[in-house]
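Taking it in order: structure first as structure tokens, then the write-up.
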2 protein chains.
Amino acid sequence: MKLAKLSVMRLFQYKEFLIRAKSIGIKNLFSDDLAEAMGTTSTQVRKDFSLFGLSGNKRAGYKLDDLLAQLNELLGKNEKQRVVIVGAGNIGRALMKYEGFYKDGLEIVALFDSDPNVYNETATPPVLPLEHLYEFVNRNKIEVGVIAVPYHAAQQVLDIMILAGIKGVMNFAPIALRAPKDLYINDVNLKLELESVAYFVNALKRDRTKNDV
Amino acid sequence: MKLAKLSVMRLFQYKEFLIRAKSIGIKNLFSDDLAEAMGTTSTQVRKDFSLFGLSGNKRAGYKLDDLLAQLNELLGKNEKQRVVIVGAGNIGRALMKYEGFYKDGLEIVALFDSDPNVYNETATPPVLPLEHLYEFVNRNKIEVGVIAVPYHAAQQVLDIMILAGIKGVMNFAPIALRAPKDLYINDVNLKLELESVAYFVNALKRDRTKNDV
DNA sequence: GATTATACGTGAAAAGATTCACAAAAACTA
DNA sequence: TAGTTTTTGTGAATCTTTTCACGTATAATC
């Protein structure tokens, strides 16, 4: 299957919305309703569905339960995915504490750090010494990892992850990591995202004042 | 100017790399070096530069100091941008504690929350009651805000921000916000990002086993 | 049961982003 | 200083994603 990354991301969002819609008793909906809720267009919604073979009923739209079942099948709700986080700093701990993961099949099973002051083997999830990363991942067959360490340590951590069998990484370190291409890397750079907001605010302001003249 | 969002984001990343390169004594470099460091191509680098009128020297590449000066000019390093964060939960506090912002022109001037237990007016940045958001933003002419509240509160917070004069928002709430189109919104959905990693790991695995048969 | 209205599904067109290909400028060489 | 090499800068081509346009199925109405 082609990796239609943006469509997949939207499918997850549709799913999220459908779960909420279900919880308030909605049984049927149209692509327009989804589009409206997601800030996109009904065509986009239907195109995404079309790409992945999700279908509804002409004239009557979609049955929420059916659609949700199809999405869960497609997005793999049933396969629980265990995740390790490396770096127990601000971001690592924020992710750890986020309760929303579990119900969607994501389980944070351990954090790792190089600072002995933060070790806590009895917590859930435990915070373990970085030296145990390889063995832990390897033994427990973990496939997804989060890198939340300073940039100078990130490549090193990734190399261990790869050796240990990790197949997909969410990377918060602001650096381009080297990896074999069968590893899936998702870079998330929060500073960059915030900087870009500041930039566009300024850019739009400049634009506006220029046009006023 | 056209909003070439992806190019702008890359420009910020080039800048980040240049700062590091400068700190280890590099004086000149080629588009190839930048590309290599960023995991992209030299053509992409030059195209980005071309789009924004950044130029170097044929055959001799780029003088690091010149390039950095041009980037700072373009990306507005000099204009300090003050930011408020609404929501003093895990993500809000993680951002607050991140020290990397300040040196790049971003200053977190206050957090806001609805929970009296987290108020702390004397801290830096202070954590203030949500009711003060409008007045604070309005009085201090803040233009950038971060929404790090649960999804059901996000629209309400945004509405206040808009009234108070905010022009750009980084939104961590997993919901499509309604806003006039002169407001710049950057949605960041961490759960979605992690879910998608898990999805692609599974998808690639399925693919691989299928091809092995 | 025939007619009509509505919303889906999807090729085709458009828009947006990346890569190609090469002319031209600058530095180095002899 | 003439010739060669290297790297930039950018139109054109390609690839990707989104939007358009419309045929078709289905529910509702008469």
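Residue numbers begin at 1 in each chain, while the letters A, B, ... track the order of the sequences. Just so it is clear, the values below take in all heavy atoms, side chains as well, and ignore hydrogens, waters and symmetry mates. Treat the numbers as computed from the prediction; the structure is a model and nothing was measured.
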For residues 138-166 of chain A, pull every pair meeting side-chain hydrogen bond (donor to acceptor under 3.5 Å, both in side chains), keeping only residues two or more places apart or in separate chains.
A/E135-A/R139, A/E143-B/K205, A/Q155-A/D159
Can you run down the salt bridge (Lys or Arg N to Asp or Glu O under 4.0 Å) pairs that involve residues 167-178 of chain B, sequence neighbours left out, and say none if there aren't any?
A/E36-B/R178
Which residues pass the ring-ring contact (aromatic ring centres under 6.0 Å, His included) test with A/F172, not counting sequence neighbours?
none
Scan nucleotides 6-15 of chain C nucleotide by nucleotide, 5' to 3', and note B when protein non-hydrogen atoms come under 4.0 Å of the base, S if they reach only the sugar-phosphate, - if neither.
BSBBBBB---
According to side-chain hydrogen bond (donor to acceptor under 3.5 Å, both in side chains), who are the partners of B/D113, at least two apart in sequence or on a separate chain?
none
With sequence neighbours left out, write down each residue that passes side-chain contact (heavy atoms from CB on, under 4.5 Å) with B/K191, or none if nothing qualifies.
A/E16, A/Y98, A/F101, A/K103, A/D104, B/N189, B/E195
Tell me which pairs pass side-chain hydrogen bond (donor to acceptor under 3.5 Å, both in side chains) where either residue lies in residues 53-74 of chain B, with sequence neighbours left out.
B/K22-B/D65
If you fit an axis to the five pairs at each end of the helix from C/dG1-D/dC30 to C/dA30-D/dT1, how big is the angle between those two axes, to 10 degrees?
0°
Taking A/I147 as the fixed residue, which of A/D187, A/I91, A/I85, A/V157 is the one that meets the side-chain contact (heavy atoms from CB on, under 4.5 Å) rule?
A/V157
Partner residues of B/N90 under the side-chain hydrogen bond (donor to acceptor under 3.5 Å, both in side chains) criterion, sequence neighbours left out
none
Contact list please: residues 190-197 of chain A against DNA chain D, heavy atoms, distance less than 4.0 Å, in numerical order.
none
Going by the rule side-chain contact (heavy atoms from CB on, under 4.5 Å), which residues pair with B/A179 if we only count those two or more places apart in sequence or in a different chain?
B/L158, B/I162, B/L183, B/I185
Of all residues at least two apart in sequence or in a different chain, which pass the side-chain hydrogen bond (donor to acceptor under 3.5 Å, both in side chains) check with A/K97?
none
